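What you see below is based on every heavy atom in this structure, not just the backbone, and it leaves out hydrogens, waters and symmetry mates. Each chain gets a letter, A, B and so on, in the order its sequence line appears, and its residues count up from 1. A quick note: this is a predicted structure, and the numbers were derived from the prediction, not measured.
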Amino acid sequence: MVQEVSILVGGKAGEGINSAGAIVAQLLNHSGYYTYMYYDYPSLIRGGHNFAIIRGSDRPVNIHRNFVDYVIALNQDTITQHKQRVGKRTINVFNSDVVRTEGQGISVNTILKSENAPAIMGNSAVIGAFAKASGISWDTVSDVFTRHMPKGADINLKVAKRGYDQVNTINTIKSIGSRRFSVLTGNEAIGIGLVAGGLTVYVSYPMTPSSSLLHFLAENTKKFGITVIHPENEISVILMALGFAYAGGRAAIGTSGGGFCLMTEGLSLAGMAEIPIILVVSQRTGPSTGLPTYTAQSDLHFILNAGQGEFPRFVVAPGDVQQAYYWSAVAMDVAWRYQVPACILADKTLSEGTFSIETEKISQAKFADLPLWDGKTPYFRYADTESGISPLAYPGTNGAVVKVNSYAHDKSGITAEESGIITQMTRKRMKKATVLADAMESYDTINIEGSSEAKTVLICWGSVLNTCREVALELNLKVIQPIVLSPFPVIRMNQALQGIKRKIVVEENVTGQLSALLRFNGITSDAMVLHYDGRPLTPDMLLNRLKEVGV
Amino acid sequence: MVQEVSILVGGKAGEGINSAGAIVAQLLNHSGYYTYMYYDYPSLIRGGHNFAIIRGSDRPVNIHRNFVDYVIALNQDTITQHKQRVGKRTINVFNSDVVRTEGQGISVNTILKSENAPAIMGNSAVIGAFAKASGISWDTVSDVFTRHMPKGADINLKVAKRGYDQVNTINTIKSIGSRRFSVLTGNEAIGIGLVAGGLTVYVSYPMTPSSSLLHFLAENTKKFGITVIHPENEISVILMALGFAYAGGRAAIGTSGGGFCLMTEGLSLAGMAEIPIILVVSQRTGPSTGLPTYTAQSDLHFILNAGQGEFPRFVVAPGDVQQAYYWSAVAMDVAWRYQVPACILADKTLSEGTFSIETEKISQAKFADLPLWDGKTPYFRYADTESGISPLAYPGTNGAVVKVNSYAHDKSGITAEESGIITQMTRKRMKKATVLADAMESYDTINIEGSSEAKTVLICWGSVLNTCREVALELNLKVIQPIVLSPFPVIRMNQALQGIKRKIVVEENVTGQLSALLRFNGITSDAMVLHYDGRPLTPDMLLNRLKEVGV
Amino acid sequence: MNGRQLITDAQNTWCPGCGNFTIQHTLKTILSEMEKEGTNLDDVVILSGIGCHAKIADYLNINSFYAIHGRAIPVASGIKCANKNLKVICCVGDGDAYAEGLDHLIFAAKRNIDITVIVHNNRVYGLTTGQYTPTSPLGFKGKSTPLGTLEYPLNPLELMLASGATYIARGYTRKMDLLKTLIRGAINHKGFAFIDVLQICATFFNMTDYYNAQIYELPTYDRSNASIACEKVKEWDYNNKAPISLGLFYQRTAPTFDEQFQHQMSVKSERYPIVKEFLALRQ
Amino acid sequence: MNGRQLITDAQNTWCPGCGNFTIQHTLKTILSEMEKEGTNLDDVVILSGIGCHAKIADYLNINSFYAIHGRAIPVASGIKCANKNLKVICCVGDGDAYAEGLDHLIFAAKRNIDITVIVHNNRVYGLTTGQYTPTSPLGFKGKSTPLGTLEYPLNPLELMLASGATYIARGYTRKMDLLKTLIRGAINHKGFAFIDVLQICATFFNMTDYYNAQIYELPTYDRSNASIACEKVKEWDYNNKAPISLGLFYQRTAPTFDEQFQHQMSVKSERYPIVKEFLALRQ
Ligand SMILES: Cc1ncc(C[n+]2csc(CCOP(=O)(O)OP(=O)(O)O)c2C)c(N)n1
Ligand SMILES: Cc1ncc(C[n+]2csc(CCOP(=O)(O)OP(=O)(O)O)c2C)c(N)n1
Ligand code: SF4
Ligand code: SF4
Ligand SMILES: [Mg+2]
Ligand SMILES: [Mg+2]
């Protein structure tokens, strides 16, 4: 039998729901569980209603489900707004100063006062109470607080202990082993993937849901051996980064849709000037400002086609932290090897969700040598070669005059307008697309999961993978997730679809963007499940929606 | 037999080749011919080599061909660079001060000196000589100069007369009637189409090949009853225009690919806030700065997908001046009726080419009444209706609080984050797409030309129509040109393709963008002719390329 | 006649102690006074960027254009040019107007377009949870600069003076009466009016004590004297500890863009005859 | 040792009489002097926007980044931060740097990043055939404003002073010796160096006579005195007839962004151990 538990933590913005959730996740982690945390918050700083759902399981889980076993309530909304998530089994642990309900209440104020602790530590009290109610040992609590509370673990522990002592154990979350996973967010996984790929500088202007990547990397510059710059706006972000890359740095930038708009002119420049760059774009609900803190998968075609003119680009949409880590490193390699822009397309659910990673199992990307100039032949920045890839040199290299150009240009980088050169250089650039597509044949660009016998497949991309994976397990379906979206791995996709009778595309947008991309590649789907309210499509929802389409 | 003539005028930038060409075109126009002029120039102000090819015919022509009957040479390059265009029949008329060749030379310097005229009038001398050489009556010359030379017609005429008198008539361009067409560029046709559609303000930042539309409208504000603003950059352009539209103005903006990049964030805002706006985007060779003064059709998918999130948009790509005029007016109507952004997608060949228009034959767009607020019920800017279209009111209207919002919002325009409202409002916006697509059924969104019996069709978009039209006539093929590209008229397209055996898509890009759009709509093509050197694909080239694909 | 309900039903989500409350309250008071004095509030438009400050567009029950980050000002310029009878007020953030969209601010001042710009200058990105802005002091440790920024702040008043703004003031959210006078003056001013409001961000950069200790009200002087204004404006550079003067620094009259624009404008409603006329010219 | 061939084979397409020739020639002279003095020219990078001015990137045979309209400066900042040994020179246009990309110019000054910005200020959009720019005089009749502009010009020097630039100068293409001194000084200056060059556009806005009649060289004064600089800078407002001073207005030393940035930088080449270490912390 599957060993599983779900915990909802809710309160007002400013009460530290996110960190409370992270601690709860670590409590489960330290009890041997795979964990996942979904964090839901509106776009405001104080007040409102934030909540996190933490799920622990003895098998990997990367999405929350509807039912929760425990509710940790720091405000009344946590009780009133989540009625559909609770059942008879559900146990409430709550701050009785502000919440009226049944279950295990503690007076947070009293505890804080007796420990002379600030208000923000209130969540430690209820976490303590929750730990006791769920039978988690004090040793575990103490261990988790000590390891994972950056500041003030001592006093937080004291507060937690008072909460712990005030309630009774009701329903034990069994410890299922001593193995611990590494718990991290999707953005963190992208960040360390980039670091593994050789990142030297990250340039970004804050924009949810990419900001946490900026914050994470900025916090860890010394540890990772990188630098971070936050310039005046997104236009500057991409242009600065292109300056870095031209001068030999390994630059990545990050944003969300609105900021990406401002980068499209720079993207086209990267395409023409053949300057490598990594763009991390994390999607949120659009159009325009939309719902800044909620999710979507509605920028795929924009990313695939952004920038005037035609040039090869690499686009990868990881679905979980393993993929995020691995493919971010690969993207780095691809961008520099082929001198093309590479985009890591994420979504809020992936970026800000917290996942377990099995350190032993993560794949390390292999890096090819850069096509550096040999220093012997005269240097031409845009020398035409069989592969279309020109040897790289950076300014400051003795004997190389490195001229890059946004205009159509000849092999030395000087502006050219002659018909023959235009045709040749356009083909040169497009050759790289072919070579890149060929090289991708040796990567697992398509992720295939679920039942190998199944005739019905759920096709999805990005974080919806996690929902499909779980539903497929339940319904005995296959799951196909194209991870690389440009160049689209059409051969592998067709192979993956062999023997399939029914194709259902599942995505978080209103027009069916993956479905369109498939159609464009000659693959028609039989049904679409589209979900677009900003909330992640959960397995429970998908099960219902699949019934509607007769699965 | 077809009555036809082609004239090449060439010289250095700064010698007025464009205006010389325009005068030659008017000479043909005044001799009863349909005319077309292609203008070719590199991105510089003085020097280099500019040339125009003017073609006259007794049937409509909208593209130049390779062979020219006359060469009017103001510099030696005009002789040396166009050898492949001339034959035994070709007659040279040239400035013997700087050009060595055979034919009719005149000393421009001598003429200018004797009339005490400035250097820029040199082209009038050779035009005069050309007129005589081609047997155009002095009355016609005098008439054309008087009507079509904005300044200094007198002295120009004197200069021209001296040129006229110095050469002999060699090969007469017969006058074929007294009928005159209106001669104008594609950008001018778009301009008057917008004016007909009710334009009140045009906002633009200069960018080739859209700049001539800015200049044309700026020059004619009083005549057209409009205003023109050129702000600090393209971001400001679209935002200012949205301000105008919000306050009740009918705003259009214009740019090319690079400038459009900077407008994409504003475009998404227009989509979310449901503010009507017209974007004129004239394509040039990309990526990035590319070839600023040369043509391309490589921004289609960018335009179709630009801006984060999903929202309906109207995209129309006229192929000639009749379509440019008519569809620009329609776009205006559509944008305001459905409160969606509408894009007029042009290309350099259309924008800067000069064409004949038969005034009697142009269609006038029909305008529906705007969905204005009735002033009776309380005002909600985003009231959800059956069609998804909300009644419009502008600030300053008594009793209406007009709140527009880039965030997801409720019917009154106030920010909303609830799942139910998000879903509803997304559907509301998408309903407009459906209603718009339905309404488009009654428009000729697909242009069908050529042989109605033919089993082979050339499918094209934008100005390539003119090349396909001519080739189809020669080879007895059909031509299908989707004019409206979003919402894509798939029903009409499939109707148009009934009975067709072979589909050849012809376009000016390297990836086959229309072909991709067709595939996306379930229509596969049998062959593609792609051309991407910045020069327009001419009928001569297309004939060759079609041989390659076996037509 | 009863005035309109000036606050919408939208739930207010600013933090307790946030200076934005003061700005909203001040605007509300001004609007209701204007209404009493005969202004039709349907002729007022409020614009905002994106950020904590921007929520004011939701909260005030008047025409509003809740724009995008950094771009409220060009929208406002379009609105004013389209309909000069509208009173156009922009509430913008410091990240908004001094970083993302600085050029628009400068060009609006250059054009002397008749709009009012109120900068909610909390010297931090509030809504994105605390990064430095162009007016944060050197060494500011925000989430994007945990080691401290490497840049001196901009002095927005000095920039505005150099850009041709015709009304330049500084307010403070803990001085509501003065703030009211300044905003009212800005709305009345014919031309581009700029107010940098030192707005307390209670959560990410609470400068209350610092400000309270440094502020004083500008003495009387000839407000149209650019040299004096320049000197006063430079007294505090948004970085070093120095007296912080509040009030109107500079005001002059000059032709406005929108007004002159009206003169260049001509409206024709019958369009086909114009088009035909034009086509005839091209024959 | 023979110096390198400093001019490429690219065909020069500036108009006869264009001031860009002077700027190119001046840069060429400076580069060959620098080479003689021991600078490795492979350590010099020139950047440009898009416009007539920008063609200089094609013409000079050194490392170059021919960027996009308005955006040379952020690229230059990236290059300098990536490799502080490079000498980074931006040749930008007035449409380029004062309209499309004004914010980048201001922020580069604010950061005091060690690059040289030479504005080819012909006060017109040259390559797009003659529209007004932010420094065109009021009433300028260009192709986009046939009835005359409605805006006063910006004074870029004043803006730069307000933005924190540490080297501010004005040159003129008909005063080549002075121009050379100013550019050389700018390249030597450690920090953000700005030179507004009154560049003659022979085709669209030939101001030769006007300039020749107005110009004079700045007298000696303490270049680090901001008040004097401010006064001198305001003497001519790019609009009204007034004496036009040429020379270095202002210079001071201050820490540069790139330099401080180096201190915050740390490089680690072995990445997997770091990642593993991080993952272990998260257990
Ligand atoms: C183009 C773009 N980039 C980034 C963002 C994310 N964003 C939203 S608000 C904000 C900062 C707001 O700071 P400020 O203008 O100072 O407003 P405050 O919240 O402090 O009132 C940012 C960066 C965005 N919405 N759009
Ligand atoms: C985003 C964008 N907008 C517009 C253009 C068109 N454009 C090219 S050069 C130029 C003006 C250049 O003026 P300036 O910077 O003064 O340079 P100049 O030609 O006078 O040297 C413009 C508007 C462009 N290339 N990119
Ligand atoms: S974060 Fe700061 S600016 Fe934003 S609402 Fe809270 S106190 Fe106000
Ligand atoms: S147009 Fe003006 S700036 Fe451009 S090359 Fe000619 S003279 Fe020089
Ligand atoms: Mg702020
Ligand atoms: Mg210029």
Can you tell which part of [X] gets under 4.5 Å to a heavy atom of chain D, answering side chain, backbone, both or neither?
X	value
A:Tyr246	side chain
A:Ile192	both
A:Glu265	both
A:Asn233	side chain
A:Ala416	neither
A:Ser236	both
A:Asn398	both
A:Gln364	both
A:His409	neither

Which bit of [X] is near chain A, if near means a heavy-atom gap under 4.5 Å: side chain, backbone, both or neither?
X	value
D:Asp9	neither
D:Ala57	backbone
D:Leu281	both
D:Phe65	both
D:Leu86	side chain
D:Asn85	neither
D:Ala280	backbone
D:Ile113	neither

Which one of [options] has the most heavy-atom pairs closer than 4.5 Å to chain A?
options	result
D:Leu41, D:Val44, D:Asn83, D:Asn61	D:Asn61
D:Val275, D:Ile274, D:Asp58	D:Asp58
D:Val75, D:Asn63, D:Ile68	D:Asn63
D:Val88, D:Ile50, D:Leu47	D:Ile50

- Closest-packed option against chain D by number of heavy-atom pairs under 4.5 Å, given A:Pro395, A:Gly191, A:Gly198: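 Between A:Pro395, A:Gly191, A:Gly198, the count favours A:Pro395.
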- Identify which of A:Val195, A:Leu184, A:Thr359, A:Leu242 forms the greatest number of heavy-atom pairs closer than 4.5 Å to chain D.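 Maximum pair count with chain D is reached by A:Val195.
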- Cation-pi between A:Lys411 and A:Phe380: NZ/CZ under 6.0 Å from ring centre and within 45° of the ring axis?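 Cation-pi check for A:Lys411 and A:Phe380: passes.
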- Query: Is there side-chain contact between D:Phe192 and D:Lys110, with at least one heavy-atom pair below 4.5 Å?
  - Reply: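 Contact flag for D:Phe192/D:Lys110 side chains = no.
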Check for a donor-acceptor pair, side chain of [X] on one end and backbone N or O of [Y] on the other, with a separation under 3.5 Å.
X	Y	result
D:Trp14	D:Cys52	yes
A:Arg250	A:Pro276	no
D:Thr173	D:Gln199	no

- Query: Is D:Lys80 paired with D:Glu259 through a side-chain N to carboxylate O contact shorter than 4.0 Å?
  - Reply: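 No, this pair does not count.
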- Salt-bridge present (D:Glu37, D:Arg184; N to O < 4.0 Å):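 Yes, this pair counts.
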